[in-house]
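Worksheet: the structure to be examined is printed underneath.
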Amino acid sequence: MMTLSLPTYSLYRSLLMAFLLFTGHSDGDMESRNLSAVTVFVFTAFPQLQDGGLLYFFPLLFIYIFIVAGNLIIFFAVRLDTRLHNPMYNFISIFSFLEMWYTTATIPKMLSNLISEQKTISFIGCLLQMYFFHSLGNTEGTLLTVMAIDRYVAICKPLRYPNIMTPRLCAQLTAGSCIFGFLILLPEIVWISTLPFCGPNQIHQIFCDFTPLLKLACTDASVILVQDVIHALAILVTSLIISLSYIRIVVVILGISSTEGRKKAFSTCAAHIAVFLLFFGSVALMYLRFSATYTPFWDNTIALTFSVFAPFFNPIIYSLRNKDMKDAISKLFCSQKVFNESSR
């Protein structure tokens, strides 16, 4: 079964419990609440083995291996090729590294659910999956904003670009994106952990997510609307900043008199724009629907697009749409081949 290793799970559980204690929830309070609380959730969106669950396992396993391998290749290709040691490719390599863990937060559990009779997840496991999945997603969204600003400065203010996007600033922006992405969600997760779950325990989704989980809480349903509004505002503000940056970039590119110059400028931004549209398009379908409801089929399809298919295409976009990246990947494999031959 593909799940977190026991030491890692124990570490994450200990950290979460420490946060709960820090916010004033004693062990006694937790124990008394859990006596009548739901401690295990059941995923209902997965087919049973006799209904063809195993047929979905192998395509999903292939996609997961491709995502991890593709992003690792991009990460090491950028790190090992000195020609790509610049802000744009540094951000791409960090994004690829995050993407690998972003999918690892959900897909291994999906795989285990496809081949398991008991498609369950513990309360702590559900909170951990939700925290890491959305924290990594928030970090990626913040990093995409940084990448859009980087391209804006590079194309709209090319003479000042080396002085603005210094290695120190790039490191600060990368670290800031990670810190922001992982801290901004922590209060919400701690708050959800204090809610009483005393009713149904069936999650009608393929992974633990805010709305399906909050619908199971024995509390006022208005909290779901408040949570949806907060998430929607964050998505809209982020996507607006990125959109305005790329609109300004396109306007500047169209003003370039040289056809070759316009083509080169567009080629450096095409991959970024494609990833942005893919990422935020799937996010919008998933979280900007408020009271709108979909059939279970479309609900699961949107969730798969958001958590599986969008990450699947990102390595393809960044590797096939960029000559420098293709050269770096070829160089990486050639050097590996030479190393293998010399070690024989």
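A donor and an acceptor atom, one from each side chain of Tyr161 and Asp150, are located under 3.5 Å apart. A side-chain donor from one of Asn314 and Glu99 sits under 3.5 Å from a side-chain acceptor of the other. Using a 3.5 Å distance cut-off with no hydrogens or angles, the side chains of Tyr64 and Thr104 do pair a donor with an acceptor.
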| field | Ile203 vs Lys215, side-chain contact (heavy atoms from CB on, under 4.5 Å): CA-CA, chis, key distance, verdict | value | CA-CA 9 Å; Ile203 297 179; Lys215 286 181 178 178; over 6 Å; no
| query | Going through the checks in order, is the ring-ring contact (aromatic ring centres under 6.0 Å, His included) test met by His134 and Phe210? | reply | CA-CA 10 Å; His134 284 284; Phe210 290 108; 4.6 Å; yes
| request: Carefully, step by step, assess Tyr287 and Phe306 under the rule ring-ring contact (aromatic ring centres under 6.0 Å, His included). | output: CA-CA 10 Å; Tyr287 297 108; Phe306 174 59; 5.3 Å; yes
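With a 4.5 Å cut-off on side-chain heavy atoms, Phe266 and Leu254 count as touching. In this structure, Phe197 and Phe41 have side chains that are in contact, with non-hydrogen atoms separated by less than 4.5 Å. Proximity of Ile121 to Val40: side-chain heavy atoms (C-beta onward) are nowhere separated by under 4.5 Å.
Phe312 contributes atom CZ, which lies 11.0 Å from atom CD1 of Ile317 (distance to the nearest 0.5 angstrom). Taking SG of Cys269 as the start and CE of Met147 as the end, the distance is 10.5 Å to the nearest 0.5 Å. Annotation: the span from Leu98 atom CG to Ile94 atom CD1 amounts to 7.0 Å, rounded to 0.5 Å.
For Ser96 against Ile74, the heavy-atom pair with the smallest separation is OG-CG2, 3.3 Å.
If you chain together hydrophobic residues whose side chains sit under 4.5 Å apart, Leu128 and Phe182 fall into the same group.
Counting non-hydrogen atoms of neighbouring residues, nucleotides and ligands closer than 6.0 angstrom, the CZ atom of Arg262 exceeds 12 such neighbours.
Using the six-membered ring where Trp is involved, Phe279 and Phe95 have ring planes that are perpendicular, over 60° apart on the 30 and 60° scheme. In this structure, Phe97 and Trp101 have perpendicular ring planes: the angle between them is above 60°, well past the 30° mark.
With sequence neighbours left out, the salt bridge (Lys or Arg N to Asp or Glu O under 4.0 Å) criterion links Asp299 to Arg289. Shown here are the side-chain hydrogen bond (donor to acceptor under 3.5 Å, both in side chains) partners of Thr120, two or more places apart in sequence or in another chain: there are none.
Counting only residues at least two apart or in different chains, side chain to side chain donor-acceptor pair (under 3.5 Å) contacts with residues 235-257 are absent.
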